[in-house]
There are 2 protein chains.
Amino acid sequence: MNIGQAAQVSGVSAKMIRYYESIGLVPPAGRRDSGYRDYGSADLHRLSFIRRARGLGFSVERIRLLLELWGDTHRSNTEVKAIALTHIDELEERARQLQEMADNLRTLAQACDGDGRPNCPIIQGLEAGGEPACDSARPARH
Amino acid sequence: MNIGQAAQVSGVSAKMIRYYESIGLVPPAGRRDSGYRDYGSADLHRLSFIRRARGLGFSVERIRLLLELWGDTHRSNTEVKAIALTHIDELEERARQLQEMADNLRTLAQACDGDGRPNCPIIQGLEAGGEPACDSARPARH
DNA sequence: CCTGCACCTTCCCATCATGGGAAGGTCAAC
DNA sequence: GTTGACCTTCCCATGATGGGAAGGTGCAGG
């Protein structure tokens with residue numbers, strides 16, 4: 001199976017399949033005489049695993065760990081669960097940060113009539129501060 | 001005032017101040033005879049504005065718009081509010097996506113005992129799918 | 001006046017995952 | 001045998017940020 005078909009079936013673009021190969025996330029694909037990469041069902045399985053893990057927001061490096069654990073029949077599910085729980089925490093932390101930004105900005109936006117006059121509490125909030133921005137996204141101060 | 005002091009006062013790193021200058025987000029700083037950049041209160045004001053906007057998650061390009069509006073005394077607050085509301089939507093959309101990933105992964109993790117046995121529903125979920133991953137983060141399918 | 005240190009300058013590189021595109025080879029259908 | 005769809009490798013771009021090297025500046029203490 002050519003890379004294009006593998007891409008369609010696995011849901012990973014051909015570009016990314018080559019990239020994953022280049023960083024060693026998937027083993028080098030077999031080659032035909034022509035030089036074309038050739039994929040079999042084990043490859044597709046691995047690529048689909050990667051796509052699903054990416055869909056859950058795992059980084060490539062984390063997926064590398066998951067793939068090792070996947071291939072290790074003697075692995076303990078404790079390790080896998082630990083990785084998952086860590087990842088859940090990180091996802092939720094990022095979500096919280098974004099939501100906090102949105103909330104802060106909404107507070108400013110609610111103070112703005114949006115009625116066409118020049119007076120604008122949003123701009124004033126950015127200008128004068130009162131430090132409304134997300135702490136964790138802000139560089140350290142003094 | 002040197003760039004290091006401007007960085008401390010504004011909360012924007014010296015590296016980023018130079019970068020913002022290079023992309024035209026701030027005007028070229030004045031220079032001393034030595035070649036050192038020299039910052040005044042207007043510069044600090046602008047940098048602080050940028051830092052707060054970054055803290056609210058605005059992209060540099062969006063901040064460019066906000067800075068134009070900031071400098072335009074005849075601006076309408078309608079435009080500013082529109083940018084803010086658009087940005088709030090985007091932030092919340094991203095937060096939702098992350099939270100959705102976390103929720104999907106939590107569902108898998110809850111099915112995993114983490115008791116040290118090899119059996120692991122998390123790995124199985126990644127392996128076999130049932131398409132648990134976040135729709136919006138997943139490449140198109142057929 | 002010299003030395004040392006902290007600061008400044010520019011320039012290049014790395015991140016992370018992904019896509020775009022060029023130049024050239026392969027394959028299959030007509 | 002031509003055409004068009006596919007493949008190959010290689011390079012570049014993204015966005016915002018930091019790291020670091022090589023070399024110049026400024027100031028304080030001796």
For [Y], is there an ion pair with [X] - N to carboxylate O distance below 4.0 angstrom?
{"X": "A:R96", "Y": "A:E93", "result": "yes"}
{"X": "B:E90", "Y": "B:R62", "result": "yes"}
{"X": "B:E68", "Y": "B:R75", "result": "no"}
{"X": "A:E61", "Y": "A:R64", "result": "yes"}

Decide whether A:Y36 and A:V12 are clustered together by the hydrophobic rule: side chain heavy atoms of Ile, Leu, Val, Met, Phe, Trp, Tyr closer than 4.5 Å, transitively. no
Counting only side-chain N and O atoms of [X], is one of them less than 4.0 Å from OP1 or OP2 of [N]?
{"X": "B:R54", "N": "D:dT17", "result": "yes"}
{"X": "A:Y19", "N": "C:dC16", "result": "no"}
{"X": "B:S13", "N": "D:dT17", "result": "no"}

Parallel, tilted or perpendicular, judged at 30° and 60°: which one describes the rings of A:H45 and A:W70? perpendicular
For a quick check of understanding: with a heavy-atom distance under 4.0 Å over all strands, which category does B:F58 fall into, base, sugar-phosphate or nothing? nothing
Nearest to the [X] side chain among [options], which nucleotide is it?
{"X": "B:R18", "options": "C:dT10, C:dA17, D:dG18", "answer": "C:dT10"}
{"X": "B:Y20", "options": "D:dT17, D:dT8, C:dA17", "answer": "D:dT17"}
{"X": "B:K15", "options": "D:dG20, C:dG19, C:dC8", "answer": "D:dG20"}

5'-most by nearest nucleotide on DNA chain C - B:Y39 or A:I23: B:Y39
Go through residues 24-37 of chain A and report each residue with a non-hydrogen atom lying under 4.0 Å from DNA chain D, sorted by number. A:R31, A:G35, A:Y36, A:R37
Rounded to the nearest 0.5 Å, how far apart are OG of A:S59 and NE2 of A:H87? 7.5 Å
Work out how much the helix from C:dC1-D:dG30 to C:dC30-D:dG1 bends between its end axes, five pairs an end, to the nearest 10 degrees. 20°
